[in-house]
Amino acid sequence: MTNWAGNVAYRSPRVHHPETVEDVSGIVAASEHVRALGSRHAFSDISDTSGDLVSLERIDPQVTVAPDRRTVEVTAGTRYAELAEALHAHGLALHNLASLPHLAVGGAIATATHGSGDRSGTLASAVAEIEIVTADGEPRRVRRGDEDFHGVVVAIGALGIVTRVVLDVEETYDVAQEVHTGLAWSEALENFDAVTSSADSVSLFTTWQPEVVDQVWRKTRLAPGEAYTPLGELFGAPSADRKLHPITHVDPVHCTEQLGVPGPWHERLPHFRADHMPSAGAELQSEYLVPREHAVEAISILRALAPRFAELVQVSEIRTIAPDEHWLSSAYGRDTVGLHFTWFPRSVQVRGAAAALEEALAPFGARPHWGKVFVDTRRQVASLFPRIEDFRELRARWDPAGKFRNTFVHRHLG
Ligand SMILES: Cc1cc2nc3c(=O)[nH]c(=O)nc-3n(C[C@H](O)[C@H](O)[C@H](O)COP(=O)(O)OP(=O)(O)OC[C@H]3O[C@@H](n4cnc5c(N)ncnc54)[C@H](O)[C@@H]3O)c2cc1C
């Protein structure tokens, strides 16, 4: 079995496919080393183990709306696309989504997966309660407000297998999406705050051309049925008059509706449609999360470095993320800007480019996205998370024998 990108073959000799969350307990109790598998979209060996892998994909999605309609409980193997459909049928919505809805809820939360929006936190920031099967095979429930909560939610699978989560939801809304082309870099950097706050969710797509940001996607929330007034030019960048893929020469058939046509939140917040193969298909990805106050300087440094890596880049995306309190979240405690790279699938060269990026971004305290390619040659990743010692203490308490430890955890968290 491989990950979605095909660059990692899991070496685990056994992959379990339990059909109920209750079955997960028995597998964990009987196993010496075990890890959870979500929808396999991570680009590294983060999930892998020499012991047992537990895929949650055969567990039926279960979505239960609380009577007060403020939260929903969902099984962790459910994909966001299925959850969104169920919520929409109830007239409810999530605060944000990632670029594609194919991700499993448990896996996305475990790595602090995020969308874009100055006031929008990671998908993990919506977690109100989590059910997790820990080393003894017993499920534990941890709620917002409990002492360990912020250590448990974003845990890269190192504390146990999450079986159910309770997520904050809100009344449904529509979104309209406009794409702008050819925003001058000078305007983008001089007006960075104005650009990213010009809609509820803003993404800058670039191939690191010297003069312009290729595309800016702006997503605006509307009340259901509300008409959309086009936002107009963005610092001289016109609205596109046709639908576009973030990689400009690729057919936009995979992309969600644009041209300012309003539609349900879950059909506009992701860039890619639930019923199509997302993104470029053959790719690797990396992402570095920098404190917002250093974003313009960090981007300027990457522009200067671009001749060294641009030929490997299919497209880069710059997004904003509101802070959260999860100890291992890449947005922990700071307004954050994500500098994302969709690479051509050339592993060796990509690792070289990632090492160069990490060197260049180190002065800004750039944190890597747990689910994407990074190399951490200086073995400093753990030190970028101020609560790392608390997390280590929690892991020692919950998993003293290292049942959920794997090479990735050992390499990056010690
Ligand atoms: C095409 C594509 C687009 C992407 N877009 C975005 C994006 O817009 N924003 C973004 O931030 N990221 C994005 N990602 C990265 C992706 O969100 C992360 O890699 C995420 O972890 C994938 O979730 P998954 O269920 O596939 O996890 P997996 O790859 O299956 O697992 C990842 C980690 O989560 C753990 N895990 C999985 N399920 C559980 C569980 N039930 N309990 C405990 N731990 C669990 C695993 O053990 C592992 O450590 C994208 C990836 C791809 C391939």
Side-chain angles (χ1 to χ4, degrees), residues 1-8 10 12 15 18 21 24 28 34-49 53-57 59 74-80 96-116 120-124 130-134 139 152-165 201 203 246 254 269-272 276-287 289 314 317 319 321 328-331 336 338 340-343 345 368-373 404-409 412-413:
M1 189 187 261
T2 67
N3 63 343
W4 175 89
N7 66 315
V8 175
Y10 302 120
S12 169
V15 184
V21 292
V24 175
V28 171
V34 59
R35 295 282 299 185
L37 206 50
S39 53
R40 295 181 284 119
H41 281 77
F43 289 88
S44 68
D45 58 349
I46 185 169
S47 315
D48 205 9
T49 170
L53 269 176
V54 181
S55 164
L56 302 182
E57 68 188 1
I59 299 178
V74 58
T75 39
T78 305
R79 304 214 181 200
Y80 276 95
N96 206 355
L97 286 168
S99 67
L100 79 173
H102 307 66
L103 307 172
V105 171
I109 288 169
T111 59
T113 289
H114 60 89
S116 188
S120 216
T122 61
L123 300 184
I130 203 157
E131 180 187 85
I132 177 168
V133 175
T134 49
V152 174
V153 175
V154 177
I156 59 171
L159 296 178
I161 299 188
V162 175
T163 41
R164 293 186 176 93
V165 291
S201 168
S203 292
H254 312 286
L269 287 177
H271 306 325
F272 300 105
H276 280 62
M277 162 68 93
S279 200
E283 65 192 61
L284 296 174
Q285 297 184 6
S286 301
E287 188 169 19
L289 293 299
Q314 304 197 53
E317 181 177 6
R319 291 181 274 191
I321 306 118
L328 291 194
S329 168
S330 43
T336 294
H340 161 92
F341 299 81
T342 297
W343 307 106
H369 190 307
W370 291 116
K372 303 186 183 182
V373 175
F404 298 101
R405 190 170 53 212
N406 65 359
T407 308
F408 181 96
V409 170
H412 298 295
L413 298 186

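Order of appearance sets the numbers: ligands from 1, and atoms from 1 within every ligand.
Below 3.5 Å of separation, one finds an N or O of Ile156 facing an N or O of ligand 1. In terms of polar-atom proximity, defined here as any N/O pair under 3.5 Å, Trp4 makes no such contact with ligand 1. Inclusion of Ala36 in the set of residues having an N or O under 3.5 Å from an N or O of ligand 1 is warranted. On a distance-only criterion, Tyr10 and ligand 1 share no N/O pair closer than 3.5 Å. Residue-to-ligand polar distances place Arg319 within reach of ligand 1: an N/O pair is separated by less than 3.5 Å. The distance criterion of under 3.5 Å between nitrogen or oxygen atoms is met by Gly107 with respect to ligand 1. The distance criterion of under 3.5 Å between nitrogen or oxygen atoms is not met by Leu37 with respect to ligand 1. At least one N/O-N/O distance between Thr113 and ligand 1 falls below 3.5 Å. Looking at ligand 1, you'll find an N or O of Ala42 within less than 3.5 Å of one of its N or O atoms. For ligand 1, none of its N or O atoms has an N or O atom of Ile161 under 3.5 Å away.
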Practice prompt. Could you go through the side chain to side chain contact (heavy atoms under 4.5 Å, CB included) check for Ile109 and Val162 one step at a time?
Written response: CA-CA 10 Å; Ile109 288 169; Val162 175; over 6 Å; no
Item to complete: List the steps and the verdict of side chain to side chain contact (heavy atoms under 4.5 Å, CB included) for Arg35 and Val409.
Response: CA-CA 11 Å; Arg35 295 282 299 185; Val409 170; 3.7 Å; yes
Discussion item. For a side-chain hydrogen bond (donor to acceptor under 3.5 Å, both in side chains) check, start with the C-alpha distance between Glu283 and Gln285, then their side-chain angles and the critical distance, and finish with the verdict.
Written reply: CA-CA 7 Å; Glu283 65 192 61; Gln285 297 184 6; 2.6 Å; yes
Worksheet item: After noting the C-alpha distance and the side-chain angles of Ile321 and Thr122, does the key distance pass the side chain to side chain contact (heavy atoms under 4.5 Å, CB included) rule?
Response: CA-CA 7 Å; Ile321 306 118; Thr122 61; 4.0 Å; yes
Item to complete: Check the pair Glu317, Glu287 against side chain to side chain contact (heavy atoms under 4.5 Å, CB included), reporting the backbone distance first and the verdict last.
Response: CA-CA 9 Å; Glu317 181 177 6; Glu287 188 169 19; over 6 Å; no
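Rounding to the nearest 0.5 Å gives a distance of 8.5 Å between NZ of Lys372 and OG of Ser286.
Across all non-hydrogen atoms, the minimal contact from Val24 to Pro18 is CG2-CG, 3.9 Å.
In this structure the side chain of Trp370 reaches within 4.5 angstrom of the side chain of Leu328, judged on heavy atoms. Contact annotation: the side chain of Ser39 never approaches that of Tyr80 to less than 4.5 Å [non-hydrogen atoms, C-beta and beyond]. Side-chain contact between Leu269 and Asn96 is present, with heavy atoms from C-beta onward closer than 4.5 Å. Annotation: side chain of Leu37 is in contact with side chain of Met1 (closest heavy-atom distance under 4.5 Å). Contact check for His369 versus Thr113: side-chain heavy atoms found under the 4.5 Å cut-off.
Using a 4.0 Å cut-off to heavy atoms of Ala98, the atoms of ligand 1 that qualify are 7 (C), 8 (O), 9 (N). Taking every heavy atom of Ala108 and a limit of under 4.0 angstrom, the matching atoms of ligand 1 come to 23 (O). Counting atoms of ligand 1 from 1 in the listed order, those under 4.0 Å from a heavy atom of Leu56 are 41 (N). The ligand atoms of ligand 1 that sit less than 4.0 angstrom from a heavy atom of Ser99 are 3 (C), 4 (C), 5 (N), 6 (C), 7 (C), 8 (O). Annotation for ligand 1: atoms under 4.0 Å from non-hydrogen atoms of Thr111 are 18 (C), 20 (C), 21 (O), 33 (C). Of all the atoms in ligand 1, the ones that sit under 4.0 Å from a non-hydrogen atom of Gly160 are 43 (C). Those atoms of ligand 1 that come under 4.0 Å of a heavy atom in Gly371, given as number and element, are 19 (O). Using a 4.0 Å cut-off to heavy atoms of Phe43, the atoms of ligand 1 that qualify are 51 (C), 52 (C), 53 (C).
Relative to atom 14 (N) of ligand 1, the option among His340, His41, Lys372 with the closest non-hydrogen atom is Lys372. The residue among His369, His114, Gln285 with a heavy atom at the shortest distance from atom 12 (N) of ligand 1 is His369.
Residue contacts with ligand 1, taken as heavy atom pairs separated by less than 4.0 Å, involve Leu103 solely via side-chain atoms from C-beta onward. Contact annotation: for Leu100 versus ligand 1, heavy atoms closer than 4.0 Å belong to the side chain alone.
Between His41 and His102, the ring planes are tilted. Angles from 30° to 60° get that label.
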